[in-house]
Amino acid sequence: MNFDEIIDRFGSHSVKWDMMEKIYGVPADDGIAMWVADMDFRPPACVTDAIKGMIDTGVFGYYGDDVAYRDAIRWWMKERHNWAVEREEIFTTHGLVNGTGLCVDAFSAVGDGVVLTTPVYHAFARVIKAAGREVVECELVNKDGRYEMDFDAWDAQMKGHETMFILCSPHNPGGRVWSREELQGVADFCKRHDLILVSDEIHHDLVYPGQTHIPMVNVDPSILDRLVMMTATTKTFNIAGGLTGNVIIPDEALRAKFAGRQAALGLSPNSFGLFMAEAAYSREGAAWVDGLIEYLDGNRKILDSAIADIPGLSSMALEATYLSWVDFSGTGMAREEFTKRVEQGARVCVNHGPTFGKGGDSFLRFNIATPRARVQEAASRLAEAFADLQ
């Protein structure tokens with residue numbers, strides 16, 4: 001678990017590093033990539049050993065007999081999240097963006113409204129629009145630098161054509177771990193408006209000390225007939241290239257619909273992702289995650305401290321994820337100005353707030369899942385880029 005190791009990812013077809021100069025105009029030899037949500041760390045040895053085992057066999061054929069893979073998922077959810085999963089509830093998708101697309105396809109129709117609590121992970125809206133559905137943005141309330149839900153306002157927004165609610169739990173980009181009361185509020189909202197609830201919990205393992213993630217499936221038994229759960233090893237263990245996600249559906253009727261759409265599209269997972277996921281969901285993988293959280297906790301404190309020292313900047317308290325959501329509204333600068341200072345002045349590449357929907361205009365998202373020396377360097381560059389405010 002040497003998270004301090006600087007790994008040169010240039011030339012490895014890394015989106016985050018190899019596309020940085022083309023997209024941001026930041027020189028590759030001097031830029032710090034803090035945008036795409038993958039980590040600059042190697043996964044635990046158990047994962048790389050699984051891939052080495054495949055290479056040693058030397059035959060890369062079709063994957064079969066997935067009982068051990070399913071049981072590894074079941075063990076992890078019970079051990080880490082107190083969630084009992086049955087084998088037949090598990091579907092494997094080509095990552096969770098694909099899982100989201102399949103849910104939209106299976107449980108809604110063209111022209112339907114799909115509710116998002118914005119600002120939120122940008123791929124949701126992209127998939128919804130591409131499928132010919134309408135994105136219904138229910139904006140979160142930024143109360144003293146912390147997102148809260150406003151169900152009364154959201155109730156007033158509903159027009160009756162909405163059929164689905166996609167929840168991001170924990171929240172990306174705000175880093176919130178939703179309370180049981182908030183999750184119950186979501187459940188009640190979905191019952192009031194007869195919505196299928198898709199709960200994307202891909203960041204559920206990346207929760208900081210003092211916080212507890214509650215799986216939506218454990219909140220209210222009365223919503224199991226409308227609930228779809230989504231989880232993955234990909235964010236937790238930095239194996240996003242394996243493109244493997246878990247869509248877990250407790251209700252038999254919903255499972256039949258989902259299975260039908262998956263079969264009609266001829267989708268099946270790749271064996272590399274399955275081997276990695278099974279290996280990751282283990283005691284060795286759990287120990288690695290515990291070490292990762294401790295390391296990320298140190299990184300978030302460094303960036304938060306640097307942001308707090310710059311007048312007009314504030315970062316939301318990060319309760320989960322490795323994605324820091326920084327508000328520049330206090331500077332009084334236009335979005336173009338503060339973004340230019342970060343990207344061209346500090347040479348730090350970040351995600352732009354407006355891509356996450358309503359409420360994101362004054363924000364930039366920073367990925368802190370990188371060796372600490374890079375976080376410290378980014379912090380120093382930001383201080384220099386905004387030195388005139390201090």
Side-chain angles (χ1 to χ4, degrees), residues 73 83 85-86 88-118 120-138 151 154-155 157-169 171-172 178 183-202 204 215-232 243-269 357:
I73 295 170
W83 170 17
V85 177
E86 300 302 325
E88 65 271 15
E89 297 175 356
I90 303 169
F91 294 86
T92 303
T93 60
H94 201 63
L96 287 194
V97 175
N98 171 242
T100 302
L102 283 169
C103 287
V104 170
D105 188 53
F107 305 125
S108 70
V110 171
D112 283 359
V114 180
V115 176
L116 299 179
T117 59
T118 55
V120 75
Y121 177 47
H122 43 73
F124 293 151
R126 185 177 75 239
V127 167
I128 293 164
K129 291 174 183 177
R133 278 66 164 172
E134 179 189 347
V135 175
V136 179
E137 295 189 60
C138 288
F151 294 107
W154 299 354
D155 282 332
Q157 278 187 246
M158 296 300 102
K159 298 177 181 177
H161 72 305
E162 300 85 3
T163 56
M164 181 179 291
F165 185 115
I166 299 178
L167 175 69
C168 194
S169 178
H171 182 252
N172 167 20
W178 303 117
L183 294 173
Q184 184 63 60
V186 171
D188 293 341
F189 181 87
C190 289
K191 286 190 288 185
R192 281 197 302 278
H193 299 284
D194 193 21
L195 306 176
I196 295 292
L197 173 54
V198 178
S199 188
D200 183 339
E201 306 192 7
I202 196 169
H204 66 166
M216 178 57 84
V217 71
N218 288 347
V219 171
D220 183 351
S222 72
I223 63 165
L224 297 184
D225 62 347
R226 66 177 69 247
L227 178 63
V228 176
M229 298 285 292
M230 300 202 303
T231 70
L243 286 170
T244 305
N246 314 312
V247 173
I248 302 174
I249 308 177
D251 183 73
E252 186 175 358
L254 291 183
R255 288 202 299 270
K257 284 186 179 181
F258 190 89
R261 293 312 300 149
Q262 196 171 39
L265 294 169
L267 297 174
S268 58

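Sequence positions, counted from 1, serve as the residue numbers for this chain.
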* Asked: Angle class for the Tyr121/Phe124 ring planes (parallel below 30°, perpendicular above 60°, tilted otherwise)?
  ->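 If you compare the ring of Tyr121 with that of Phe124, the planes turn out perpendicular.
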
* Measure up the Trp154 and Phe165 rings against each other and bin them: parallel (under 30°), tilted (30 to 60°), perpendicular (over 60°). =>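 The rings of Trp154 and Phe165 sit tilted, inter-plane angle from 30° to 60°.
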
Examine distances only and state if a side-chain atom of [X] and a backbone atom of [Y] form a donor-acceptor pair shorter than 3.5 Å.
X	Y	value
Gln157	Glu137	yes
Thr93	Gly95	yes
Trp83	Met216	no
Asn218	Pro215	no

Within-4.5 Å side-chain heavy-atom neighbours: [X] and [Y]:
X	Y	value
Arg133	Val114	yes
Ile128	Ile166	yes
Leu116	Val136	no
Asp188	Asp220	yes
Met164	Val104	yes

* Asked: Should we count NE2 of His94 as having more than 12 external heavy atoms under 6.0 Å?
  ->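 No, because the 6.0 Å sphere around NE2 of His94 holds 12 heavy atoms or fewer from other groups.
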
* Crowded around Lys191 NZ? As in, over 12 foreign heavy atoms under 6.0 Å? ->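 Enclosed.
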
* Taking only residues two or more places apart in sequence or in another chain, which ones pass salt bridge (charged side-chain N to carboxylate O under 4.0 Å, His left out) with Asp225? ->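 By the salt bridge (charged side-chain N to carboxylate O under 4.0 Å, His left out) rule, Asp225 matches no residue at all.
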
* To do: Just jot down the side-chain contact (heavy atoms from CB on, under 4.5 Å) partners of Arg126, sequence neighbours excluded, or say none.
  =>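 Partners of Arg126 by the side-chain contact (heavy atoms from CB on, under 4.5 Å) criterion, ordered by chain and then number, come out as Val97, His122, Ala123.
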
* Step by step, work out the side-chain hydrogen bond (donor to acceptor under 3.5 Å, both in side chains) result for His161 and Glu134. => CA-CA 9 Å; His161 72 305; Glu134 179 189 347; 2.7 Å; yes

* Would you list the pairs meeting side-chain hydrogen bond (donor to acceptor under 3.5 Å, both in side chains) in which at least one residue belongs to residues 247-267, sequence neighbours left out? =>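 Counting only pairs at least two positions apart or across chains, the side-chain hydrogen bond (donor to acceptor under 3.5 Å, both in side chains) contacts touching residues 247-267 are Asp105-Arg261.
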
